[in-house]
Undergrad: 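Questions regarding the structure given below will be posed in turn.
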Amino acid sequence: MQGENHPDPQDSVSAAKPQHLNFINITDDSENKGTIKRHKDIELSVPIVYGTMAFYLGRKASESQSHKWTVYVRGATNEDLGVVINRVVFQLHPSFNNPTRVVESPPFELTECGWGEFEIGITLFFHSDVCDKQLDLFHHLKLYPESESGPQTTKKPVVVETYNEIVFPEPSEGFFARVFDHPAVIVPRLPAGFRMPTITPLYIMNEQGKGETKNHPLSQWYLNFSEADELLKLAAARQQVQAHIVKLRRQLSLMSGLPESSNPSSGYECI
Amino acid sequence: MDAKDILGLPKTQLPLTQDKKSRPQKEPQRKPDGISREVYALTGGLAPLMPSIDVSQLKKRPPSDEKITWQWLPFTNSARKDDLQLYHWVRVVNGIPPTGDYSFAKYNKSVDVVKYTNEEYEKYLTDPTWTKEETDQLFDLCERFDLRFIIIADRFPSSRSVEELKDRYYSVSRAIMIARAPSPGDVSGHPLVKEPYNVSQEKERKRALSMVLSQTKQQERKDAEVLAEAKRIAESRKAARAAEEPELPVTSHAGSESADRAVLGDTVSPSLNVQLPAAVVAPSTSIMADSASTLASLRMLKVYLRTYALEQMVQAASSSAGLRTIKRVEQTLQDLGVNLKPKVPTKAVCAEHLELRKEILTLLNLQKQLQYKEAEGSSYRDGSYIDTPGTPKRSQRGGDQDRTFVPDSVSFGGDRVGKRDQKRKGPGRLSEAPSSPAHKRPRKMKASDL
């Protein structure tokens, strides 16, 4: 797919702004043997949340099937991950039939019934213009709530989710062009004078909105991940630490009678 | 009179009871069946004690049908060159003496020392440093002493070193072998032909061995240290070189860095390619260089998780810190109420987290510096060498109020005060030492004032 993207207008763009569009030879196992142009100074990241949600089956529970659980990978803001991810392979405990489950379209999730907790392997495969390397994640399936508060309820599931971001440090031109305005992808501030490439995507993500999880039946249980909270805490912590550093520096300079050094890296050198 | 007379009991009972007594006395004195007398004697059995071995527990020899006798018979030894006939005990079974050679004859092994004729010597074996006489003597000794060169060297009439003798012997043997071989291919497999004796190498090797043997303990330790350093440098160079290659396996990185995995720091060998060396040997390598190269190696990856990137950067930043320091950083983070691994690892959060860690490192380093300075100052004051009147300069301000400052002090949030105080004993231990002179000081000044 990549090799066919060399129409003339592309070359003129590259001639005009050579610094953005660089050539990288891809010598690995992909079919096309041509060069792929990549954006070396743009980093695309896809925030995802992955985890499990387990419901106790209550009256319908049996010895071997006490819980109904779902393992999933969703966009952190519940956008459609299908633009980036081609398929997800969930590796279950060998006691399941066909423990290797492949989900080829969003929403990337799998629902099963069982009684045991185990580690689920989640492998993300990306579209060919995105990345030819897979990404492995692991998640421990939790069925039983932390607190032993009485009998289990069938109403509220046990939810464990992890937030993370998939980073593509040097996205290919095609990939960038396809997703730069898609809500599932975080695009940084583009360098000044950057010209949007005019490549028409060779395949369009059809059925717009199908892969979104905004209106997913389970979405009411999704956890919230707010970076603002964490940022605030970190900023407060940094302030405190910086204040102490200043105090210590003052003390040190008083002790040695030397003028304070304001070089922050001096702390490393002496030890 | 005797009670038995009164009762009218017969007197003849006495000899009967005496018999009974003597018999049980005799029993233990008999050797029990099943084990030989000597073995039984080991247990102290023949004395009139309770036997400690139960006879029924002893192994019974299987009854054999053969008739075994032992006979004093003559024998010859094929290993002997004379026909000496000696006698020994032989186990004869059913009247048939054993056949075969003397059982120890097979151990008479000897070395096949080459024998050369005079013509062969003239043709192949002449050597400027060796006379024919010496060579003949050497070979005779080799034959006599089975190539035990130490003995041969000792017995050799003119003083030659072991290496020289070995060299001469092996080169002669080699030459003869090659000369006698019908074709060179036949003998090329022989170890003597393939790898000839190397005198200089042998001398060097023995010298080195004796040096190692005579090393002092200190030298040994120093050697071990140097080797460890060299290994670390080599590994760091290898890792740095491997990190420059574009083809890097991503799968194992991302998998092991997932936040849900309990295993922390799971650096499998593929990730060694990307992970930067922890041991920085050259003191001038700054943290900045580590971070820069980590960034570069991250960019080499086609895809990675934000948490993985953060871990790499954290590792690079703490590469010069020891394990204890890293633990203290983590403790500080916890006291500040910050997650060791961010719950929402966005780019901004990760950057802040990294900066916070670096700042805590700076803080800890500054504290250490402060403590060192104070320790120095206090050793001055306790004044074994110098009687410095100017000590007041370093006194209270240097830190009584601030000296109680420790990272996990009360100023960092109000909760868990109790726990923190206990924990202060660990890292804060150093701060107690300098504070003790503080108590001594008033007394000292009084003494000097007098």
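Convention: sequence-line order gives letters A, B, ...; per-chain numbering from 1.
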Undergrad: Flag the pair A/I166 / B/V303 as yes when at least one side-chain heavy-atom distance between them is below 4.5 Å, and no otherwise.
TA: yes
Undergrad: What's the separation between atom CD in A/Q240 and atom CG in B/L363, rounded to the nearest 0.5 Å?
TA: 11.0 Å
Undergrad: How many angstroms lie between atom NZ of A/K247 and atom CG of B/L366, to the nearest 0.5 angstrom?
TA: 13.0 Å
Undergrad: Which atom pair, heavy atoms only, marks the closest approach of A/L234 to B/H353?
TA: CD1-N, 3.9 Å
Undergrad: Is a donor on one side and an acceptor on the other found under 3.5 Å between the side chain of B/R299 and the backbone of A/K40?
TA: yes
Undergrad: Any Lys/Arg nitrogen of A/E165 or B/K347 sitting under 4.0 Å from an Asp/Glu carboxylate oxygen of the other?
TA: no
Undergrad: For A/T123, is it the side chain, the backbone, both, or neither that has a heavy atom closer than 4.5 Å to a heavy atom of chain B?
TA: neither
Undergrad: Under a 4.5 Å heavy-atom cutoff, which of A/L44, A/L231, A/L124, A/I122 has the most pairs with chain B?
TA: A/L231
Undergrad: Does the side chain of A/R238 come within less than 4.5 Å of B/V338's, by heavy atoms?
TA: no
Undergrad: Specify the closest pair of heavy atoms between A/E227 and B/A348, including all atoms of both residues, with the distance to one decimal.
TA: OE1-CB, 4.1 Å
Undergrad: Before giving the answer on side-chain contact (heavy atoms from CB on, under 4.5 Å), spell out for A/T162 and B/T307 the whole-Å C-alpha distance, their side-chain angles and the decisive distance to 0.1 Å.
TA: CA-CA 11 Å; A/T162 309; B/T307 48; over 6 Å; no
Undergrad: Determine, stepwise, if the pair B/L356 / A/K233 fulfils side-chain contact (heavy atoms from CB on, under 4.5 Å).
TA: CA-CA 11 Å; B/L356 179 61; A/K233 253 200 278 190; over 6 Å; no
Undergrad: How far apart are the C-alpha atoms of A/L135 and B/L305, what are their side-chain angles, what is the distance that settles it, and do they pass the side-chain contact (heavy atoms from CB on, under 4.5 Å) test?
TA: CA-CA 8 Å; A/L135 200 59; B/L305 282 172; 3.9 Å; yes
Undergrad: Of all heavy-atom pairs between A/N164 and B/P345, which one has the smallest distance, and what is that distance?
TA: CA-CG, 4.1 Å
Undergrad: Which heavy atom of A/C131 sits nearest to which heavy atom of B/K302, and what is that distance?
TA: SG-CB, 3.6 Å
Undergrad: Any chance NZ of B/K327 has more than 12 other-residue heavy atoms, nucleotides or ligands included, within less than 6.0 Å?
TA: no
Undergrad: Just jot down the side-chain contact (heavy atoms from CB on, under 4.5 Å) partners of A/L223, sequence neighbours excluded, or say none.
TA: A/V159, A/E161, A/F225
Undergrad: What pair of heavy atoms forms the shortest contact from A/I245 to B/E359, and how long is it?
TA: CD1-O, 3.5 Å
Undergrad: Could you grab the distance from atom NE2 of A/H244 to atom CD1 of B/I360, nearest 0.5 Å is fine?
TA: 11.5 Å
Undergrad: So A/E230 and B/K343, salt bridge (Lys or Arg N to Asp or Glu O under 4.0 Å) or not? Walk me through it.
TA: CA-CA 8 Å; A/E230 202 131 25; B/K343 281 265 171 329; over 6 Å; no
Undergrad: Is there side-chain contact between B/K373 and A/Q251, with at least one heavy-atom pair below 4.5 Å?
TA: no
Undergrad: Let me confirm one number: the CG-CD distance from B/L336 to A/Q239, rounded to the nearest 0.5 Å.
TA: 12.0 Å
Undergrad: Less than 4.5 Å apart, side chain to side chain, heavy atoms only: is that true for A/V167 and B/L298?
TA: no
Undergrad: Using the test side-chain contact (heavy atoms from CB on, under 4.5 Å), find all partners of A/V102 that sit at least two apart in sequence or belong to another chain.
TA: A/R87, A/V89, A/E104
